[in-house]
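Just so you know, ligand 1 is whichever comes first in the structure, and atom 1 is the first atom listed for that ligand.
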Amino acid sequence: MKGTLKRLRDAIWHKDFSADQLRRYVGEYQKCYFTYAGDESLRANAASGGSVSALLVYLLESGQIDGALVCRTVIRNGHARPEFVIARTREEIMAAQGSKYAAVYFTNDALPLLQEFDGRAAVVALPCDATILQRTRAKLPDLDRKIALVITLFCGHNSEPVLTDAIVRRLGKGHGALTGYRWRTGHWRGRLEATFADGTQVVRPFETFSDYRNLYFFAQPKCHHCFDHFGYHCDISAGDIWSPRMKAHPIKHTALITRTAAGQALVEAALAAGVLVGSEEPIEEVVNGQARTAPFHYNVTVRARVGRLFRLRIKDRTDAPVRPVDYLIAFIALLNERISRTRPGRWLILHTPRPIIRLYLYVLKGLESL
Ligand SMILES: Cc1cc2nc3c(=O)[nH]c(=O)nc-3n(C[C@H](O)[C@H](O)[C@H](O)COP(=O)(O)OP(=O)(O)OC[C@H]3O[C@@H](n4cnc5c(N)ncnc54)[C@H](O)[C@@H]3O)c2cc1C
C-alpha cells in the first residue's frame with residue numbers, strides 16, 4: 001500500500017519534460033542549484049531558504065553594491081501592502097524578506113527609486129517587472145550603469161490586494177486594526193501571520209490564503225498574458241522547490257538558476273564563502289519542483305483561445321501545444337478570475353465553506369497533474 005501511494009505521489013509530482021519544453025519554460029541558463037542561507041538568522045523569515053537575501057547581504061557587505069531594491073510590507077490604513085524600498089543595510093534587507101502576494105507597480109513605484117538612487121544597486125523583481133527593467137535599461141544608459149545585478153523570483157501569478165484584505169478581515173474579527181502581516185514564512189507550505197491592535201497574533205496555515213490564490217480567484221488579469229514563470233531577464237532566478245524529496249529535508253531550500261556570467265560568479269563565490277550552502281542540481285529537478293504550474297503558466301495559447309469565451313483578448317506569443325485537459329484548466333482559471341471581479345462572485349467565493357474550496361482546488365491540482 002505504502003509503495004503504491006509513493007508511486008502515485010511520484011507520478012503526480014514527477015514529469016518527464018522534453019529538452020524543447022525545458023528550453024521554452026526556463027530560457028537561457030548556465031547552472032542550477034538548491035541552496036539555503038548559511039546564516040541561520042537569514043532563514044527565519046525567508047520565503048524559501050533565504051538565499052536571495054543572503055546574496056544581497058553578501059553583495060552589500062563586500063562593497064559590490066550600495067543598496068538593494070527589495071519589497072517590504074507596510075500597513076497602510078489597516079491594509080497590508082507591498083512597498084518597494086532601496087535597502088542599504090543588512091537589517092533593512094532582512095526586514096523585507098518573504099514573498100508579497102499582492103499586486104506591485106514596478107514602473108510607477110520602483111523605477112523612480114532606482115533613477116534617484118546615487119550608487120550601485122541590486123534589484124529583486126518579479127519576472128514581468130524584470131522585463132520592464134530590461135527594456136528601460138536599454139533606453140536609459142544612466143540607469144543601466146547603476147544596476148549591478150538582477151534577481152527574479154519564480155512567479156505563477158500575483159493576486160489583487162482585495163484577497164489579502166478579505167483574509168485579514170476574517171482573521172481579525174474583534175481584534176482591532178491590522179498592525180503587522182506576513183504572507184508566508186516557515187517550512188514547506190508555510191504559515192501566514194497577522195498581528196492586530198489588541199496585540200493578538202493570529203497564525204494560520206498558508207493555505208488559508210493560498211487555496212484561493214491557487215484557484216486563480218482574485219488573480220491579476222495581466223498574469224493571463226504572461227508565460228515567464230522562471231524569470232528570463234535576469235542574472236539569477238530564485239524560487240521554491242515543491243518536490244517531495246525536499247519536503248523531507250529539515251531546512252527549506254531556494255532553487256537558483258544562474259543565467260549570466262555575473263550571476264554564476266556570484267553564486268560560486270557565495271557557496272565558497274559559506275554565504276550559501278547547497279549543491280548543483282539538474283534543471284529537470286528545478287522544473288519538477290514546479291511541475292503542475294509552470295506548463296500551464298507557459299501555455300498562453302490555451303488561455304488566448306478560452307479567453308474568447310470571456311471576451312478577453314489575450315495575445316499569444318508561445319504557440320504552445322494544447323491538450324484537451326488544458327482547455328478545462330484554462331476555463332477554470334479564467335472563470336475563477338472573472339467571477340472574483342464581480343460583487344456576487346466575491347460574496348460566493350468568500351462564503352463558500354473552506355472544505356468545498358479545498359475540494360475544488362484538489363480537482364484543479366488533479367487536472368494540472370495529468
Ligand atoms: C507574487 C509571487 C509569486 C511567486 N510564485 C512562485 C511560484 O509560483 N513558484 C515558486 O517556486 N516561487 C514563487 N515565488 C518565489 C518564492 O516565493 C520566493 O520568493 C523565492 O523562493 C525566494 O525565496 P528566498 O527565501 O530565497 O528569498 P527571501 O530571502 O525571503 O527574499 C525574498 C526577496 O524578494 C522580495 N520580494 C518579495 N515579494 C516581492 C514582490 N512581490 N516583488 C518584488 N520583490 C519581492 C523581498 O523583498 C526579498 O528581497 C513567488 C513570489 C512572489 C512574490
Item checked: Pairs satisfying salt bridge (Lys or Arg N to Asp or Glu O under 4.0 Å), at least one member in residues 327-341, at least two apart -> E160-R341, E337-R341
Notebook entry, point to check: Tell me: protein heavy atom nearest atom 35 (C) of ligand 1, and distance?
Noted result: V124 CG1, 3.8 Å
Notebook entry, point to check: Looking at ligand 1, does H229 have a heavy atom less than 4.0 Å from it?
Noted result: yes
Notebook entry, point to check: Taking heavy atoms and a distance under 4.0 Å, where does T254 meet ligand 1: side chain, backbone, both or neither?
Noted result: side chain
Check: Quick one: does Q220 get a heavy atom under 4.0 Å from ligand 1?
Finding: no
Check: Is any NZ, NE, NH1 or NH2 atom of the basic residue among R90 and E61 found under 4.0 Å from an Asp or Glu carboxylate oxygen of the other?
Finding: yes
Margin query: Taking salt bridge (Lys or Arg N to Asp or Glu O under 4.0 Å) as the cut-off, I'd like each qualifying pair that reaches into residues 249-265, sequence neighbours left out, listed once.
Written below: D240-K252
Check: Can you tell which part of L153 has a heavy atom less than 4.0 Å from ligand 1: side chain, backbone, both or neither?
Finding: side chain
Next item on the list: Mark yes when over 12 heavy atoms from residues, nucleotides or ligands other than D20 sit less than 6.0 Å from its CG; otherwise mark no.
Entry: yes
Item checked: Candidates Y33, W242, Y36 - the one meeting ring pair (Phe, Tyr, Trp, His ring centres under 6.0 Å) with H253 -> Y36
Notebook entry, point to check: So which protein heavy atom does atom 38 (N) of ligand 1 come closest to, and at what separation?
Noted result: K100 N, 3.0 Å
Next item on the list: Tell me, yes or no, whether the heavy-atom count around R135 atom CZ, taken from other residues, nucleotides or ligands under 6.0 Å, exceeds 12.
Entry: no
Next item on the list: Look at atom 12 (N) of ligand 1 and say which protein heavy atom is nearest, naming residue and atom and giving the distance to 0.1 Å.
Entry: D240 OD2, 3.3 Å
Margin query: For the residue pair Y101 / R213, report whether a side-chain donor-acceptor contact shorter than 3.5 Å exists.
Written below: no
Notebook entry, point to check: Starting from atom 44 (N) of ligand 1, which protein heavy atom do you reach first, and at what distance in Å?
Noted result: C71 CB, 3.5 Å
Notebook entry, point to check: Hey, is T293 one of the residues with a heavy atom under 4.0 angstrom from ligand 1?
Noted result: no
Next item on the list: Run the contact test for P82 against ligand 1 with a 4.0 Å cut-off on heavy atoms, strictly below, and give the result.
Entry: no
Next item on the list: List the closest protein heavy-atom neighbour of atom 37 (C) of ligand 1: residue, atom name, distance to the nearest 0.1 Å.
Entry: G98 O, 3.0 Å
Next item on the list: Enter the distance from T164:OG1 to L178:CG here, rounded to the nearest 0.5 Å.
Entry: 10.0 Å
Checklist line | Numbering as shown, the atoms of ligand 1 that approach A47 to under 4.0 Å (heavy-atom distance) | finding: 18 (C), 19 (O), 23 (O), 25 (O), 30 (O)
Next item on the list: Could you establish whether R184 and ligand 1 come within less than 4.0 Å of each other, counting only heavy atoms on the residue side?
Entry: yes
